[in-house]
Amino acid sequence: MLKEYNTVREIVGPLMLVEGVEGVKYNELVEIRCGEEIRSGKVLEINRDKALVQLFEPSQGIKMTSAKARFLGHGIELGVSEDMLGRVFDGMGNPRDGGAPIIPEMRLDINGQPINPVSRDYPNEFIQTGISAIDGLNTLVRGQKLPVFSMSGMPHAELAAQIARQAKVLGSNEKFAVVFAAVGITFEEADFFINDFRKTGAIERAVMFINLANDPAVERVSTPRMALTAAEYLAFEKDMHVLVITTDITNYAEALREISAARKEVPGRRGYPGYMYTDLASMYERAGRIVGKKGSITQIPILTMPEDDKTHPIPDLTGYITEGQIIISRELYKRGIVPPIDVLPSLSRLKDKGIGKGKTREDHADTMNQLFSAYAQGKEAKELSSILGDAALTDTDKKFAAFADEFEKQYISQGFNVNRSIEETLDLGWKLLRLLPRGELKRIRDEYLEKYLDKDKD
């Protein structure tokens with residue numbers, strides 16, 4: 001029988017102090033009974049016989065004299081089952097699509113279990129997103145964590161929906177699922193994601209967790225962990241390949257800062273808690289593959305950089321933990337290029353492991369290097385032209401400048417509804433390389449030039 005305490009001594013905003021407690025643990029769930037109403041919370045801090053509780057609901061209307069606290073003996077758990085596929089939940093794992101509650105096959109702590117580094121398998125298999133700027137130049141690999149660094153007002157929601165809709169693993173017998181976590185979004189954004197998933201049929205293989213901007217901060221912190229717990233179940237219990245997309249990590253970090261300030265902790269950089277690196281790592285490091293398990297978890301966290309600043313603590317720490325980044329460009333977006341992915345500063349550190357013969361195509365690595373080099377050279381030529389005029393450019397420079405324009409129009413800009421196979425992306429790369437003199441294609445082996453460059457030249 002769980003013991004009830006009527007020793008609530010202080011309530012400040014979302015925080016409540018309960019005295020005289022015994023055997024209470026950090027992160028333990030709490031029920032607060034005030035008359036007929038029951039509210040919930042979790043233990044944030046323990047000091048001898050005092051427990052600091054963070055409430056999930058507002059504290060208005062709770063009377064300290066009559067309130068009773070009951071500690072449940074476990075942390076926040078998610079009931080998981082394959083029936084979660086096709087469903088929409090809130091940030092605490094409760095159905096928000098009007099459907100029946102899930103009958104769980106098991107209940108899992110949302111903080112997960114650390115993966116033993118020795119048991120990790122190296123990510124080396126290709127995931128096709130259908131987006132050329134990612135598949136061709138910054139390839140996503142199964143088990144990788146590849147964040148998207150966006151900016152305020154950029155179409156990262158559309159990009160997230162496109163990846164969730166189009167992503168797949170190549171191979172007919174592979175079971176694939178998407179777990180989508182939206183953190184601190186507006187009603188309009190929530191409607192956009194839910195309607196897009198339903199309209200395109202992507203909902204059938206997806207599990208959605210939606211946390212709205214007016215939900216409590218503590219729920220915002222639990223939402224990505226709910227999603228990762230569902231992903232771990234599908235990947236390591238049901239042998240599925242799971243892509244976890246989280247938007248927006250910045251809202252998560254703001255909630256972390258809000259809770260830290262309420263606890264009167266010493267702030268770190270820009271007011272964020274000093275343990276934010278560890279906290280983010282505890283989520284990102286749940287991606288990966290495990291030796292002996294068929295399933296995998298791949299993560300694409302999306303974050304908006306405050307003030308468009310790559311050195312801000314949130315993108316800065318995320319970049320340290322993850323294996324690269326996809327960067328959204330405001331300049332490309334202004335010119336009508338969508339998705340506005342800036343391929344030059346973008347990076348996938350594992351791209352070399354997921355491409356080549358038997359994975360994508362034998363010519364992938366060479367064409368990737370040549371396209372990247374040619375685009376960089378074309379951008380430099382355009383910058384030189386803007387300063388000194390076209391007269392300062394050689395004929396070769398002009399061809400590279402023209403290549404850069406066509407590369408942005410045809411390769412990067414494909415819209416949010418075009419789904420390109422990896423073969424289409426590679427063939428488009430060859431089509432664009434034909435704009436350059438053959439002698440400038442120094443990064444491609446002669447055998448591939450003979451096989452692909454002259455194919456369908458007309």
Side-chain angles (χ1 to χ4, degrees), residues 78 80 108-129 134-135 138-149 159-160 163-164 167-169 174-183 205-209 221-249 252-253 276-303 314-315 317-326 346-354:
L78 176 67
V80 290
L108 301 174
D109 189 311
I110 66 163
N111 293 304
Q113 297 294 324
I115 300 176
N116 186 332
V118 177
S119 67
R120 280 187 179 272
D121 209 353
Y122 202 87
N124 62 0
E125 295 160 299
F126 172 67
I127 289 183
Q128 180 176 293
T129 65
I134 297 176
D135 292 349
N138 294 288
T139 313
L140 180 65
V141 180
R142 207 182 293 177
Q144 184 179 5
K145 37 199 184 290
L146 184 64
V148 174
F149 289 2
L159 180 63
I163 294 171
K168 67 176 184 177
V169 292
E174 305 282 16
K175 293 192 290 182
F176 187 73
V178 173
V179 178
F180 188 87
V183 182
R205 57 163 192 175
V207 185
M208 298 184 74
F209 291 87
V221 171
S222 72
T223 305
R225 290 183 166 80
M226 287 277 174
L228 287 163
T229 303
E232 285 170 346
Y233 165 77
L234 293 171
F236 304 132
E237 298 293 333
K238 299 298 175 185
D239 296 334
M240 300 180 82
H241 297 292
V242 185
L243 175 63
V244 181
I245 301 173
T246 310
T247 181
D248 181 336
I249 291 294
Y252 171 87
M276 189 166 76
Y277 179 91
T278 314
D279 192 277
L280 289 172
S282 72
M283 292 195 304
Y284 296 149
E285 291 298 342
R286 290 169 75 172
R289 301 170 65 220
I290 297 178
V291 175
K293 300 270 189 183
K294 291 182 182 176
S296 64
I297 296 176
T298 307
Q299 274 194 58
I300 299 184
I302 297 173
L303 59 91
I314 304 169
L317 297 178
T318 295
Y320 276 118
I321 302 163
T322 54
E323 294 113 11
Q325 67 278 330
I326 302 295
S346 296
L347 169 70
S348 171
R349 292 191 181 99
L350 299 180
K351 62 187 175 187
D352 295 336
K353 311 298 179 189

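As a basis for the values below, the full set of heavy atoms in this structure was taken, side chains included, without hydrogen atoms, waters or symmetry mates.
Looking only at side-chain heavy atoms (C-beta outward), L78 and F209 come within less than 4.5 Å of each other. Proximity of V183 to D248: side-chain heavy atoms (C-beta onward) are nowhere separated by under 4.5 Å. A heavy-atom distance below 4.5 Å is found between the side chains of S282 and R225. Within the 4.5 Å cutoff, no side-chain heavy atoms of Y252 are placed close to those of I314.
K175 contributes a side-chain N or O that, together with a main-chain N or O of K238, makes up a donor-acceptor pair within less than 3.5 Å. Not one N or O on the side chain of Q144 forms a donor-acceptor pair closer than 3.5 Å with the backbone of P123. The backbone N or O of T129 lies less than 3.5 Å from a partner atom in the side chain of D135, making a donor-acceptor pair. Using a distance-only test at 3.5 Å, with no hydrogens or angles considered, a donor-acceptor pair links the side chain of Q299 to the main chain of M283.
Contact record, L146 with Q325: CD1-N, 3.7 Å, taken as the closest heavy-atom pair. In this structure, G143 and R289 approach most closely via the heavy-atom pair CA-CG, 4.2 Å. Closest of all the heavy-atom pairs between V80 and A230 is CG1-CA, 4.4 Å. Across all non-hydrogen atoms, the minimal contact from R205 to A164 is NH2-O, 2.8 Å. When every heavy atom of G324 is checked against every heavy atom of P147, the shortest pair comes out as O-CD, 3.0 Å. Between G354 and F126 the shortest heavy-atom distance is O-CB, 3.2 Å.
One distance of note links CD1 of I134 with NZ of K351; it measures 12.5 Å at 0.5 Å rounding. Atoms CD1 and CD1, on I300 and I302 in that order, are 7.0 Å from each other to the nearest 0.5 Å. For the atom pair CD1 of I326 and CG of L159, the computed distance is 8.5 Å after rounding to the nearest 0.5 Å. Going from atom CG of L317 over to atom OG1 of T322 covers 10.5 Å, rounded to the nearest 0.5 Å. Y284 contributes atom OH, which lies 4.0 Å from atom CD1 of I249 (distance to the nearest 0.5 angstrom). Here the CD1-CZ distance, from I297 to R142, works out to 13.0 Å after rounding to the nearest 0.5 Å.
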| Working for side chain to side chain contact (heavy atoms under 4.5 Å, CB included), residues V207 and F180 | CA-CA 6 Å; V207 185; F180 188 87; over 6 Å; no
| request: Evaluate the criterion salt bridge (Lys or Arg N to Asp or Glu O under 4.0 Å) for residue pair R120 and E285; output intermediate values, then yes/no. | output: CA-CA 11 Å; R120 280 187 179 272; E285 291 298 342; 3.8 Å; yes
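Checked by atom type, the side-chain pair R286/T229 shows a donor-acceptor distance below 3.5 Å.
Within a 6.0 Å sphere centred on NZ of K168, heavy atoms belonging to other residues, nucleotides or ligands number 12 at most.
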